[in-house]
Amino acid sequence: MGVTVEVHQVYKYPFEQVVASFLRKYPNPMDKNVISVNTVEEKRDVSTGIIYRKRIAICRNVIPEILRKVSILKIPDIQLEEESWLNPQKRSMAIQSHCLTWTQYASMKEESVFQESMENPNWTEFIQRGRISITGAGFLNCILETFASTFLRQGAQKGIRIMETLLKEQCGAPSAE
């Protein structure tokens, strides 16, 4: 079956500031579930100026203890891979993330975009779509997808709050115009 979550946010800060804050977002005390984020590859295409990055995040396993009685779910941490393409000329950054853990049982993918707002060039629009699909867990599929849906929605909102806090701390008050 699978569940999809979409979020849309306008940050009232310039694109460059939003991207810089995003790249420094984790780890941070506002979300203790993200243990580390390491850049494993970074390169710039000299002809287009596009900067490609691949990062690996290590996160705490947040599946409730009751569900961790199932042996495959009984691990302390999960790994996520994030790839991004930053186009400074077009003031946009596309991001694709997926889970590297439990791939034989679950598919978790997120696609996000930061881009200059059409409403105001000093603002940045953020659009994210996440999808989780669980297979191979038998009767637990539906329960795990329900948990995943709630976790994705709450995680997206928490991520937006963290970004707003970081932007305010690093850049001051948001741009009114």
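Given the structure is predicted, the values throughout are model-derived calculations rather than measurements.
The residues E111 and R129 are annotated as not salt-bridged, no charged nitrogen and carboxylate oxygen being separated by less than 4.0 angstrom. Ionic pairing of E116 and K90 is not present here: no N-O contact between side-chain nitrogen and carboxylate oxygen is shorter than 4.0 angstrom.
Residues V5 and I160 are members of separate hydrophobic clusters, defined by side-chain heavy-atom contacts under 4.5 angstrom among Ile, Leu, Val, Met, Phe, Trp and Tyr. Side-chain heavy atoms closer than 4.5 Å link hydrophobic residues (I, L, V, M, F, W, Y) into clusters, and following such links, even through other members, never connects I35 to V37. Taking hydrophobic clusters as Ile, Leu, Val, Met, Phe, Trp and Tyr residues chained together by side-chain heavy-atom distances below 4.5 Å, V19 shares a cluster with Y11. L86 and Y13 fall within a single hydrophobic cluster, where Ile, Leu, Val, Met, Phe, Trp and Tyr side chains are chained together by heavy-atom contacts under 4.5 Å. A continuous path of hydrophobic side-chain contacts links I95 to M163 [ILVMFWY only; heavy atoms under 4.5 Å].
Here the side chains of P29 and K32 are in contact, with some heavy-atom distance below 4.5 Å. The closest side-chain heavy-atom distance from L166 to N28 is below 4.5 Å. No side-chain heavy atom of N33 sits under 4.5 Å from any side-chain heavy atom of Y26. The shortest distance between side-chain heavy atoms of P174 and L167 does not fall below 4.5 Å.
Here L100 contributes atom CG and L80 contributes atom CG; the two are 7.0 Å apart, rounded to the nearest 0.5 Å. Between the CD1 atom of I127 and the NE2 atom of H8 there is a distance of 4.5 Å, given to the nearest 0.5 Å. Atom CZ of residue F126 and atom CE of residue M93 lie 9.0 Å apart, to the nearest 0.5 angstrom. Between the SG atom in C59 and the CD1 atom in I78 there is a gap of 5.5 Å [rounded to 0.5 Å].
Nearest approach of M30 to K158, heavy atoms of both residues: O-CE, 3.3 Å. A pairwise comparison of heavy atoms in G49 and P88 identifies O-CD, 3.5 Å as the closest pair.
Judged purely by atom type and a 3.5 angstrom limit, N38 has no side-chain atom pairing as donor or acceptor with the backbone of V40. No side-chain donor-acceptor contact under 3.5 Å links R55 to the backbone of S84. Remark: the backbone N or O of E82 is not paired with any side-chain donor or acceptor of S97 at under 3.5 angstrom.
Of the candidates Q128, R131, H98, Q128 is the only one forming a side chain to side chain donor-acceptor pair (under 3.5 Å) with E110. Remark: of the listed residues F15, W85, F22, F22 is the sole one forming a ring-ring contact (aromatic ring centres under 6.0 Å, His included) with F114.
Q96 and E83 share no donor-acceptor pair across their side chains, judged by distance under 3.5 Å alone.
By the 6.0 Å contact criterion, CZ on R53 is enclosed, its count of non-hydrogen atoms from other residues, nucleotides or ligands being greater than 12.
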